J.: 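For reference, the structure I am asking about is given below.
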Protein chains: 2
Amino acid sequence: MAEALTGEAILAATEEVLRRYGPAKATVVDVAKALGVSHGSVYRHFPTKAALREAVTRRWLDAIHVEMESVLDENASAADNLRAWLQHLFDRKRRSHTEEPELFATFRVLVSESCTIPDYHVEHLVGQVARIIRAGVDTQEFVTDDVNATAKAVWDATDMFHHPAHAQEWGDPHIQDAFDAVVSLLVAGLRYNRIPSAAGDA
Amino acid sequence: MAEALTGEAILAATEEVLRRYGPAKATVVDVAKALGVSHGSVYRHFPTKAALREAVTRRWLDAIHVEMESVLDENASAADNLRAWLQHLFDRKRRSHTEEPELFATFRVLVSESCTIPDYHVEHLVGQVARIIRAGVDTQEFVTDDVNATAKAVWDATDMFHHPAHAQEWGDPHIQDAFDAVVSLLVAGLRYNRIPSAAGDA
DNA sequence: GGACTGACAGATTTCAATATCTGTCAGTCC
DNA sequence: GGACTGACAGATATTGAAATCTGTCAGTCC
């Protein structure tokens with residue numbers, strides 16, 4: 001029978017079916033049809049439809065994680081690295097939203113379907129922010145008592161530039177100005193910041 | 001005949017109907033029924049259903065605007081004022097969300113229905129933030145080249161603590177820590193911040 | 001004997017008929 | 001004569017019957 005049915009082939013077919021029909025209409029039967037097998041065979045590799053969708057989503061997010069890793073520049077200042085990293089994430093999401101709105105909407109639905117996927121994604125990216133900030137603390141460019149809490153704060157404060165719920169605002173002609181203003185404020189804060197639970201000013 | 005039908009009476013009845021049936025089910029016929037008149041009479045005071053809903057929403061937002069005005073303390077530092085103001089807004093929205101989830105959801109829908117209402121609301125509140133920051137600049141507690149842009153940046157950076165799209169995250173046990181971390185970072189930034197379009201550091 | 005099929009039960013979705021709602025306006029009532 | 005009514009047309013929402021989908025599993029095929 002031609003080739004053996006692999007998990008990878010099912011994932012690729014699922015991605016294609018999602019791209020074509022969207023998250024609401026894509027069915028397991030469609031995926032099986034695209035592969036020329038019965039839908040029972042798909043259930044041999046993935047226990048449920050939700051697990052199949054989650055696997056596709058995770059693959060997509062992992063590609064973002066890898067891409068974001070490559071933005072970091074060892075020789076740049078921490079502030080420049082942070083700004084470039086946040087800008088790259090913003091640009092990538094915004095481009096995805098404007099150039100392939102259906103696909104963006106599809107992944108938006110997939111991510112929100114799962115309880116574990118969003119945490120996985122956020123934790124990974126906040127980890128990258130933490131590494132940038134830690135480098136800044138090491139060179140005394142930044143000051144903070146708690147790198148991880150501060151990284152989370154930077155993530156939260158730039159939320160509207162990466163959270164899909166705000167995608168419609170990304171079309172605003174002044175959105176880049178808003179981004180620059182927020183990042184400048186954050187970078188200024190990173191140069192001298194204490195988490196409130198810690199002792200007061202020096 | 002009893003009393004003449006007033007716009008105010010219609011607004012109150014509409015609010016009550018919205019509270020009881022929710023935004024999806026509340027109809028103009030329901031409002032008329034609650035007032036003991038025909039629905040044609042309601043259209044004598046409001047041109048469309050959308051206009052009626054918008055009037056109710058605007059009344060509700062105005063109450064928030066008035067309440068937020070009262071938080072400002074002439075004698076406090078700008079940093080304390082800003083923190084207290086943001087905290088009050090966050091607490092109010094969070095309380096509304098947890099104590100009256102249906103009503104909160106109702107107004108969330110009403111606000112998102114209108115194109116002009118959200119801008120009106122945001123502009124008003126950002127204006128209040130700008131006043132706090134301007135006071136801080138006057139006392140040399142804060143530094144900024146553009147008070148309005150910086151106020152907008154503070155608003156944007158605290159977005160997840162007031163935007164209803166993030167309401168579900170407000171139940172997180174660590175949300176107050178996240179809030180404190182973001183506000184501390186912003187306040188630290190306000191003590192020395194330049195918008196990127198302006199000249200470099202002193 | 002392990003990968004695959006296809007029929008099945010229960011859950012979910014679709015679709016078209018039916019009911020309700022919005023907005024209008026000629027007419028009623030004090 | 002100005003506030004209100006109620007019947008109306010077109011738009012929207014509801015409903016329930018029919019179709020489809022999900023997940024299972026006994027059985028087929030190499």
Side-chain angles (χ1 to χ4, degrees), chain A residues 1-58 102 105-106 108-110 112-117, chain B residues 1-58 102 105-106 108-110 112-117:
Chain A
M1 294 297 138
E3 312 278 298
L5 186 61
T6 65
E8 187 55 31
I10 294 174
L11 286 181
T14 304
E15 205 171 322
E16 176 57 22
V17 167
L18 280 166
R19 192 184 278 270
R20 211 198 298 281
Y21 300 109
K25 301 274 190 151
T27 71
V28 177
V29 172
D30 290 330
V31 174
K33 225 177 292 179
L35 290 162
V37 299
S38 77
H39 77 279
S41 299
V42 174
Y43 282 96
R44 182 157 293 280
H45 294 261
F46 295 93
T48 64
K49 182 187 187 180
L52 175 57
R53 286 173 164 236
E54 205 170 293
V56 170
T57 311
R58 203 170 281 263
E102 303 87 358
T106 294
R108 180 156 158 46
V109 170
L110 291 187
S112 69
E113 263 171 11
S114 163
C115 301
T116 62
I117 284 282
Chain B
M1 302 289 132
E3 312 280 301
L5 186 60
T6 65
E8 187 56 32
I10 294 175
L11 286 181
T14 304
E15 205 171 322
E16 176 57 22
V17 167
L18 279 167
R19 194 184 277 269
R20 211 199 296 281
Y21 299 110
K25 301 274 191 155
T27 69
V28 177
V29 172
D30 291 329
V31 174
K33 225 178 291 179
L35 290 162
V37 299
S38 78
H39 77 280
S41 300
V42 174
Y43 281 96
R44 182 157 293 281
H45 294 262
F46 295 92
T48 64
K49 183 186 186 182
L52 174 58
R53 286 174 164 235
E54 206 169 291
V56 171
T57 311
R58 202 170 281 262
E102 302 88 357
T106 294
R108 179 155 158 45
V109 170
L110 292 187
S112 67
E113 264 172 12
S114 164
C115 300
T116 63
I117 283 282

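Side chains included, hydrogens not; waters and symmetry mates left out as well; all remaining heavy atoms used. Note on naming: letters A, B, ... go to the chains in the order of the sequence lines (proteins, then strands), and numbering restarts at 1 for each one. No experiment lies behind these values; they were computed from the predicted model shown.
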J.: DNA chain C: A:Gly36 or A:Ala24, which has the more 5' nearest nucleotide?
T.: A:Gly36
J.: Nearest 0.5 Å, what's the CZ-OG1 distance between B:Arg108 and B:Thr106?
T.: 11.5 Å
J.: Between A:Val17 and A:Arg20, does a side chain to side chain contact (heavy atoms under 4.5 Å, CB included) hold up when you go through it step by step?
T.: CA-CA 5 Å; A:Val17 167; A:Arg20 211 198 298 281; 5.8 Å; no
J.: For A:Ser112, what residues pass the side chain to side chain contact (heavy atoms under 4.5 Å, CB included) criterion, not counting sequence neighbours?
T.: none
J.: Whole angstroms only, please: what is the OH-P distance between B:Tyr21 and D:dA13?
T.: 18 Å
J.: Restricting to non-hydrogen atoms, name the atom on A:Leu35 and the atom on A:Ala9 that form the minimum distance, rounded to 0.1 Å.
T.: CD2-O, 3.9 Å
J.: Report each atom pair, protein N/O against N/O of nucleotides 20-26 of chain C, whose distance is under 3.5 angstrom.
T.:
unit_1	atom_1	unit_2	atom_2	d
C:dT22	OP1	B:Val28	N	3.1
C:dT22	OP1	B:Lys49	NZ	2.9
C:dT22	OP2	B:Val28	N	3.0
C:dT22	OP2	B:Val29	N	3.4
C:dG23	OP2	B:Tyr43	OH	2.8
C:dG23	OP2	B:Lys49	N	2.7
C:dG23	N7	B:His39	NE2	3.1
C:dG23	O6	B:His39	NE2	3.0

J.: Taking side chain to side chain contact (heavy atoms under 4.5 Å, CB included) as the criterion, tell me which of A:Thr57, A:Leu110, A:Val109, A:Val31 meets it with A:Leu18.
T.: A:Leu110
J.: Strictly below 4.0 Å: does A:Ser38 bring a side-chain N or O up to OP1 or OP2 of C:dT5?
T.: yes
J.: Going through the distances and angles, do B:Lys33 and B:Asp30 end up as a side chain to side chain contact (heavy atoms under 4.5 Å, CB included)?
T.: CA-CA 5 Å; B:Lys33 225 178 291 179; B:Asp30 291 329; 4.1 Å; yes
J.: Partners of A:Glu113 by side-chain hydrogen bond (donor to acceptor under 3.5 Å, both in side chains), sequence neighbours excluded?
T.: A:Arg53
J.: Can you list, in residue-number order, the parts of residues 9-19 of chain B that come under 4.0 Å of DNA chain D, counting heavy atoms only?
T.: none
J.: Under the side chain to side chain contact (heavy atoms under 4.5 Å, CB included) rule, what do A:Arg58 and A:Ile117 come out as? Steps first, then yes or no, please.
T.: CA-CA 7 Å; A:Arg58 203 170 281 263; A:Ile117 284 282; 3.9 Å; yes
J.: Specify the closest pair of heavy atoms between B:Thr116 and B:Ser114, including all atoms of both residues, with the distance to one decimal.
T.: N-OG, 3.1 Å
J.: So that I can compare with my own list, what are the stems of DNA chain C, taken as at least three consecutive Watson-Crick or G-U pairs with distances under 3.5 Å?
T.: C:1-30 with D:1-30
J.: Side-chain polar contacts of residues 41-48 of chain B - donor-acceptor pairs under 3.5 angstrom, sequence neighbours left out - could you list them?
T.:
unit_1	atom_1	unit_2	atom_2	d
B:His45	NE2	B:Leu5	O	3.2
B:Thr48	OG1	B:Ala50	N	3.4
B:Thr48	OG1	B:Ala51	N	3.0

